[in-house]
Amino acid sequence: MENVIIIGTGCAGLTAAIYTARANLSPLVLEGNLPGGQLTTTTEVENFPGFPEGINGPELIQRMHQQAERFGARFDFGTVEDFEQIPSPTQPIQRMKVDGKWLESRALIIASGASPRWLGLENEKALIGHGLTSCATCDGAFYRNMPVCVVGGGDSACEEALFLTRFASIVYLIHRRDVLRASKIMANRLLSNPKIYPIWNSIVIRYLPDEKGKMRGVVLRNVKTNEETELEVKCVFMAIGHEPNTAPFRGKVECDAEGYIVLKEGMRTSLPGVFAAGDVADRHYRQAITAAGMGCAAAIEAERWLAEFSH
Ligand code: NAP
């Protein structure tokens, strides 16, 4: 029986790991299919306090990981497939099935983050990895001197598009409105970059694979005029937001209509001893620093909750 299991190794999970490890709880931290979380798919992080020159996303995560290990956090790879809580008048037991094996803990911190959203168009699954991706840092360099497009109008879309200008011949930004959702600083950088060509009021309605199953272009529809046009691109970078990773907890831990975990007082969820932190429970801020703050708060709550039963 573990004291506390932490699901996720993004900013929230790693901060929770640092705090619970320093509280001598020897947390077990589970790394899922994107170890390090979304920051590992980004480049420069300019708004994490304490790094005036900015810091590389993967490096920031690696440092947090080292910091947690230094205080005794234990890490293991595994994806949570199922969850149940065994109620008890004294202390409920949290049980989770991880790659076919059941683990048990007294407290649980869910920091499983959110995964990229896709459009749900025909051929989408087959094209992922063949000219369709959600990670410019991972795949941008493959498209040197080729035309590419980014779909979305938020900070992620701007960041991806700006990064891609290092490689691509031209970067189209396809946005369904004519105003960016991104912060002013990112929007201004994007709009003043000569290699980026925004296509406003437009959505992708079809992918066009070539005879080898690789992306050769997309069909766009202008939502104002309904006009359809073909755009030749070798890769589509999707940046239209994220879905919370809560599948094993739905129907067991209270989630809202979109699947985000509903937080009660502090970082408490609807189940005693189960806490949540970061993007899995935050649809408003979704920043590295807010995720880290939530991870800290969840760890403190978990520590206090465990202490209640040791008296
Ligand atoms: P986001 O802010 O939710 O933006 C998603 C974008 O995708 C929006 O422009 C949205 O259009 C568009 N979209 C959503 N569904 C769509 C669909 N089905 N078809 C076409 N377009 C669709 O997500 P994000 O950019 O990933 O950012 C998430 C959070 O992380 C934000 O809080 C952001 O500030 C933060 N972030 C910050 C930085 C930074 O500070 N450097 C970098 C990355 C992310 P509408 O605008 O029309 O809704």
Side-chain angles (χ1 to χ4, degrees), residues 10-12 34 36-61 113-122 124 132-138 140 149-165 171-191 193 196 198-207 218-224 231 233 236-245 256-260 278-294:
C11 282
L34 183 60
Q38 291 176 56
L39 273 197
T40 58
T41 67
T42 188
T43 46
E44 208 64 5
V45 180
E46 292 180 332
N47 49 12
F48 201 92
F51 298 95
E53 300 83 21
I55 181 165
N56 192 269
E59 188 190 339
L60 180 59
I61 285 294
S115 297
R117 199 181 277 153
W118 301 92
L119 291 174
L121 299 177
E122 203 185 334
E124 193 158 69
L132 179 60
T133 172
S134 66
C135 180
T137 18
C138 318
C149 71
V150 175
V151 182
D155 278 326
S156 298
C158 292
E159 199 175 69
E160 303 267 286
L162 287 161
F163 179 76
L164 289 166
T165 58
V171 181
Y172 299 100
L173 182 95
I174 298 160
H175 184 34
R176 62 184 177 184
R177 296 186 292 138
D178 60 0
V179 180
L180 292 169
R181 177 177 293 280
S183 54
K184 279 274 172 298
I185 186 166
M186 294 300 279
N188 288 342
R189 277 184 205 166
L190 180 119
L191 296 171
N193 191 305
I196 300 177
I199 302 180
W200 303 116
N201 300 313
S202 296
I203 55 171
V204 175
I205 56 163
R206 222 167 22 254
Y207 301 120
V218 290
V219 179
L220 302 179
R221 177 183 292 148
N222 183 305
V223 294
K224 294 254 153 102
L231 182 70
V233 284
V236 177
F237 292 83
M238 203 55 68
I240 59 167
H242 293 82
E243 304 275 353
N245 296 324
D256 68 12
E258 284 184 54
Y260 288 87
D279 284 13
V280 76
D282 173 21
R283 54 161 74 250
H284 298 293
Y285 305 111
R286 299 180 295 180
Q287 304 296 305
I289 189 67
T290 51
M294 290 172 83

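Counting starts at 1 for both ligands and their atoms, in listed order.
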Heavy-atom nearest neighbour in the protein, as seen from atom 35 (C) of ligand 1, with distance rounded to 0.1 Å: Gln287 NE2, 3.2 Å
Where ligand 1 meets Tyr285 - atom numbers and elements under 4.0 angstrom, heavy-atom basis: 32 (O)
Top protein contact for atom 16 (C) of ligand 1, by heavy-atom distance: Arg176 NH1, 3.3 Å
Heavy atom of the protein closest to atom 41 (N) of ligand 1 (residue, atom name, distance): Glu159 OE2, 3.3 Å
Glu122 atom CD, neighbour heavy-atom count above 12 within 6.0 Å: no
Taking atom 23 (O) of ligand 1 as the reference point, the nearest protein heavy atom with its distance: Gly241 CA, 3.9 Å
Backbone N/O of Pro58 and side chain of Thr40: donor-acceptor pair under 3.5 Å: no
Nearest neighbour in protein (non-hydrogen) for atom 47 (O) of ligand 1: Arg177 NE, 2.7 Å
Lys/Arg N to Asp/Glu carboxylate O, Arg189 vs Glu46, below 4.0 Å: yes
Nearest-0.5 Å distance, CG of residue Leu180 to CG of residue Leu173: 6.5 Å
4.0 Å heavy-atom contact, His284 with ligand 1: no
N/O donor-acceptor pair under 3.5 Å between Asp256 side chain and Gly259 backbone: yes
N or O contact, Asn47 vs ligand 1, cut-off under 3.5 Å: yes
Polar proximity ligand 1 side, Gly153 side, N/O cut 3.5 Å exclusive: yes
Partner residues of Arg206 under the side chain to side chain donor-acceptor pair (under 3.5 Å) criterion, sequence neighbours left out: none
Residue portion contacting ligand 1 (non-hydrogen atoms closer than 4.0 Å) for Leu180: neither
Closest protein heavy atom to atom 25 (O) of ligand 1, given as residue, atom name and distance to 0.1 Å: Ser156 N, 2.9 Å
Non-hydrogen side-chain atoms of His242 and Gln38 separated by less than 4.5 Å: yes
Heavy-atom nearest neighbour in the protein, as seen from atom 2 (O) of ligand 1, with distance rounded to 0.1 Å: Arg181 CD, 3.4 Å
Ser202 side-chain N/O to Trp200 backbone N/O, donor-acceptor pair under 3.5 Å: yes
Taking atom 7 (O) of ligand 1 as the reference point, the nearest protein heavy atom with its distance: Ile240 CA, 3.2 Å
Val45 and Phe51, any side-chain heavy atoms less than 4.5 Å apart: no
Closest to atom 38 (C) of ligand 1 (judged by heavy-atom distance), picking from Asp282, Ile185, Val204, Asp155: Asp155
Per-residue contact class, His175 against ligand 1 - non-hydrogen pairs under 4.0 Å: side chain
Donor-acceptor under 3.5 Å (Arg117 side chain, Ile240 main chain): yes
Per-residue contact class, Ala182 against ligand 1 - non-hydrogen pairs under 4.0 Å: neither
His242 near ligand 1 by a heavy-atom separation under 4.0 Å: yes
With a 3.5 Å cut-off and sequence neighbours excluded, list the donor-acceptor pairs that the side chains of residues 154-162 form with protein atoms.
| from | atom 1 | to | atom 2 | distance (Å) |
| --- | --- | --- | --- | --- |
| Asp155 | OD1 | Ser183 | N | 2.9 |
| Asp155 | OD1 | Ser183 | OG | 2.9 |
| Glu159 | OE1 | Thr42 | OG1 | 2.9 |
| Glu160 | OE1 | Ala136 | N | 3.1 |

